[in-house]
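Side-chain atoms are counted along with the backbone in the values below, which use heavy atoms only and exclude waters and symmetry mates. Here the structure is a predicted model, which means the values were calculated and not measured. Letters A, B, ... are given to chains in the order of the sequence lines, protein chains preceding strands, and every chain is numbered from 1.
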There are 2 protein chains.
Amino acid sequence: MSNQMTIYDISKKAGVSIATVSRVLNGSTNVKPRTKKKVMDIIEQYGYKPNAFARGLGLNSMKTIGILCADASDLYLAKAIYYIEQNLRENGYHSVLCCTGYEMASRKDSLNLLLSQHVDSVVMVGSNFIMNNAEDNQYVKDAAATVPIMLLNADFDCSNVYCTLCDDYKATQDATEKMLDAGMQNILYLYNSNSYSGLKKLAGYQNALLTHDIPLKKELQQCFKGSHEDIDGVKNFVDHIYKKGIRFDGIVTSDDFLAVGAMNFARANNINVPGDLQIIGYNNSILTLCSEPDISSVDNRLEDMCIQLVKTLIGTLSQNEMPQKTIFSGELIKRGSTSF
Amino acid sequence: MSNQMTIYDISKKAGVSIATVSRVLNGSTNVKPRTKKKVMDIIEQYGYKPNAFARGLGLNSMKTIGILCADASDLYLAKAIYYIEQNLRENGYHSVLCCTGYEMASRKDSLNLLLSQHVDSVVMVGSNFIMNNAEDNQYVKDAAATVPIMLLNADFDCSNVYCTLCDDYKATQDATEKMLDAGMQNILYLYNSNSYSGLKKLAGYQNALLTHDIPLKKELQQCFKGSHEDIDGVKNFVDHIYKKGIRFDGIVTSDDFLAVGAMNFARANNINVPGDLQIIGYNNSILTLCSEPDISSVDNRLEDMCIQLVKTLIGTLSQNEMPQKTIFSGELIKRGSTSF
DNA sequence: CTGAAAGCGCTAACAG
DNA sequence: CTGTTAGCGCTTTCAG
């Protein structure tokens with residue numbers, strides 16, 4: 001019953017006009033305290049709730065933000081979503097979630113779906129929304145013509161697009177250099193994405209080697225194509241590389257699940273970690289705590305990034321001038337899988 | 001530009017009335033093919049998209065479902081959200097996500113927030129929305145007066161509330177019995193929630209012991225209060241129990257992270273798994289694959305449940321009579337942490 | 001098969 | 001300080 005009531009019903013019962021009810025509802029100051037109380041009482045009494053659609057139609061906004069991500073069940077993305085949703089809600093915004101998968105076409109579809117829903121902005125969570133060629137990124141540009149676009153973990157120069165990211169290039173370079181400094185000679189780089197950010201990480205690895213005058217070897221840069229759930233697949237993948245005679249004394253990865261797979265490979269082959277093989281993960285997720293030894297990993301300050309992203313978003317929606325790019329630094333969390 | 005267009009603009013350009021445009025938009029059959037094409041062409045040409053708010057106001061629905069969950073970064077819940085969102089989208093519904101945390105007050109607030117948004121239904125993901133006393137569950141009843149409520153992993157008898165769950169009682173009982181049959185005498189039960197479902201699992205454990213004429217011991221039923229991220233905390237928790245002199249040759253848990261913590265405890269104390277200690281997790285998450293040996297775990301067919309839940313939801317919204325309760329059976333996935 | 005017109009419930013000028 | 005009124009853009013009778 002109660003939520004069938006309209007502002008008209010309330011105005012009648014309170015003996016005022018709908019405008020006054022609306023004012024009370026929206027906290028306008030220009031209402032006499034007494035009438036305000038009278039109206040409030042009626043609202044309270046009947047449990048009246050304003051109709052969100054009508055309000056949305058009038059204001060052309062329902063205070064809703066679209067969250068786009070490839071896969072909400074990915075450990076890292078799930079955390080990001082959690083932080084972002086929470087911060088948005090604290091700022092009075094709702095979150096419409098839309099998981100796109102990893103196909104380009106469905107990314108575009110999902111984005112359009114959100115836009116047709118009239119969201120106030122779209123947050124793209126994860127590096128895989130920006131590819132390494134302009135054509136594939138056109139859909140972001142197009143969307144930015146309608147609403148501000150917030151990118152987490154991606155870097156894209158475009159008006160009305162705001163990026164919050166970690167310097168993955170530097171973080172990977174640092175991690176690799178620490179390994180090199182500790183004496184490792186043959187470092188395998190294991191990654192799973194060719195997104196813009198994925199290639200940045202790879203470049204960080206490469207640059208670390210070059211800085212140390214170590215030639216790059218193609219066979220030491222391996223891309224695993226499987227799912228982030230397929231730890232066994234990773235293990236077999238590394239095993240396969242190893243069985244081909246390729247040798248390495250260190251492994252730097254672009255994601256913790258790859259590091260876990262590498263760890264399982266080592267155990268299966270009686271390779272001592274960190275004695276004979278050192279391993280570094282990325283994202284500092286719970287996965288790093290599950291194996292023995294536990295796994296060193298790059299923490300890229302996800303929560304800080306999410307908080308910042310929402311701040312920037314809210315600022316933008318409030319017509320404030322906001323920085324288009326905010327860059328955090330990653331930090332290697334040292335655990336048992338490395339000895340430095 | 002394009003999405004500023006209204007149905008009026010289109011009707012003018014097509015030389016028809018807005019009613020006709022609306023009919024075309026909604027696929028009404030009563031439109032002459034030729035006019036239909038004419039209108040479609042204009043719509044196409046100008047990239048017109050109907051205003052979702054206006055439509056929502058008219059139809060009193062924006063085809064949006066609220067998803068409530070304690071913590072979208074929890075491995076299990078994140079997966080559930082992923083499956084549900086995907087299935088909803090395939091059925092033309094959007095998902096508004098709202099993470100409530102584990103406090104009762106904020107559960108109610110979040111629910112009200114969703115209802116004030118005029119969602120068509122609310123899905124509550126996770127057992128912790130139903131407590132073991134009627135008073136605490138009143139808020140669900142109240143909400144059900146407005147929209148259908150879908151419960152995943154919880155059991156609650158109430159009109160307009162639909163439950164999709166796994167028989168956690170039986171699954172835990174089975175797992176415990178298998179351990180008993182394999183000869184374990186002192187089985188520690190490790191859990192972390194007093195939700196209705198949490199207590200069901202506990203009862204399953206207890207019943208298994210009783211069936212085998214083994215007296216229940218309080219010190220063998222331990223509730224870990226920490227976060228699902230705190231694997232080290234779990235390890236210390238079990239360690240503390242052990243150091244108190246309490247002995248066990250098997251551990252059954254209510255969540256995989258507890259099993260991983262138990263595994264780490266065993267390793268730290270040089271207790272052989274599964275030789276001297278067998279461990280069973282719950283949820284069959286990726287965590288079971290990270291340690292050596294890998295961990296046996298109860299799979300409760302999350303994806304099937306989610307698919308079913310959405311089917312039931314869609315049916316209900318289409319005014320079909322749907323079953324109020326759908327119960328799946330869990331299945332123990334045997335891995336290296338058990339020897340049976 | 002098509003058009004006119006009455007809402008849907010709220011916000012925001014504009015008057016008073 | 002309060003009321004009147006004109007939209008917001010779409011759906012849906014009801015006539016024709």
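- As a whole-Å value, the separation of A/Lys49 NZ from C/dC10 C1' is 17 Å.
- Side chain of A/Leu59, nearest nucleotide from C/dC10, C/dT11, D/dC10: C/dT11.
- Residue B/Ser22 is in base contact, counting any heavy-atom pair closer than 4.0 Å across all strands shown.
- Atom C1' of nucleotide C/dG7 and atom CZ of A/Phe53 are separated by 17 Å, given to the nearest angstrom.
- Considering only the side chain of B/Arg23, D/dC14 comes nearest among D/dC10, D/dC14, C/dC10.
- Of the candidate nucleotides C/dA5, C/dC10, D/dG9, C/dA5 has the atom nearest to the side chain of B/Ile18.
- Ion pairing between A/Asp9 and A/Lys13 fails under the 4.0 Å rule for side-chain N and carboxylate O.
- If you take NE2 of B/His118 and C1' of C/dG9, they are 10 Å apart, rounded to a whole angstrom.
- Judged by atom type and distance alone, B/Tyr8 does not reach the base of D/dC8 through any side-chain donor-acceptor pair under 3.5 Å.
- B/Met5 places its CE atom 13 Å from the C1' atom of D/dG9, with the value rounded to the nearest Å.
- Residue B/Arg55 has a polar side-chain atom (N or O) positioned under 4.0 Å from OP1 or OP2 of D/dT11.
- Rounded to a whole Å, the CG atom of A/Asp9 is 10 Å from the C1' atom of C/dG9.
- Between C/dT2 and B/Ser17, no contact under 4.0 Å exists linking OP1 or OP2 to a side-chain N or O.
- Here C/dC1 presents its C1' atom at 13 Å from CZ of B/Arg34, a figure rounded to the nearest Å.
- Within 4.0 Å of B/Val21, counting heavy atoms only, lies no atom of the nucleic acid at all.
- No engagement by B/Asn60 is indicated, since no non-hydrogen atom pair under 4.0 Å with the nucleic acid exists.
- Judged purely by distance below 3.5 Å, without hydrogens or angles, the side chains of B/Asp74 and A/Tyr82 never pair a donor atom with an acceptor atom.
- Taking atom OH of residue B/Tyr46 and atom C1' of nucleotide D/dG9, one finds them 19 Å apart after rounding to whole Å.
- Remark: of the listed residues A/Val24, A/Val16, A/Thr20, A/Val16 is the sole one forming a side chain to side chain contact (heavy atoms under 4.5 Å, CB included) with A/Lys38.
- Between B/Glu103 and B/Arg107, none of the side-chain N atoms (NZ, or NE/NH1/NH2) sits under 4.0 Å from a carboxylate O, so this pair counts as no salt bridge.
- The side chain of B/Ala19 sits closest to D/dT12 out of D/dC10, C/dC10, D/dT12.
- In terms of phosphate contacts, B/Thr35 brings a side-chain nitrogen or oxygen within less than 4.0 Å of OP1 or OP2 of C/dT2.
- Of all non-hydrogen atoms in B/Ser110 and B/Leu68, the two that sit nearest each other are CB-CD1, 3.8 Å.
- With respect to A/Lys63 and A/Asp120, no salt bridge is recorded, no charged nitrogen being found less than 4.0 Å from a carboxylate O.
- OP1 or OP2 of D/dT11 sits under 4.0 Å from a side-chain N or O of B/Asn26.
- Distance CG (A/Asn51) to P (C/dG7): 17 Å, rounded to an integer number of Å.
- Residue contacts shown for B/Leu57 include a base, since a base heavy atom lies under 4.0 Å away.
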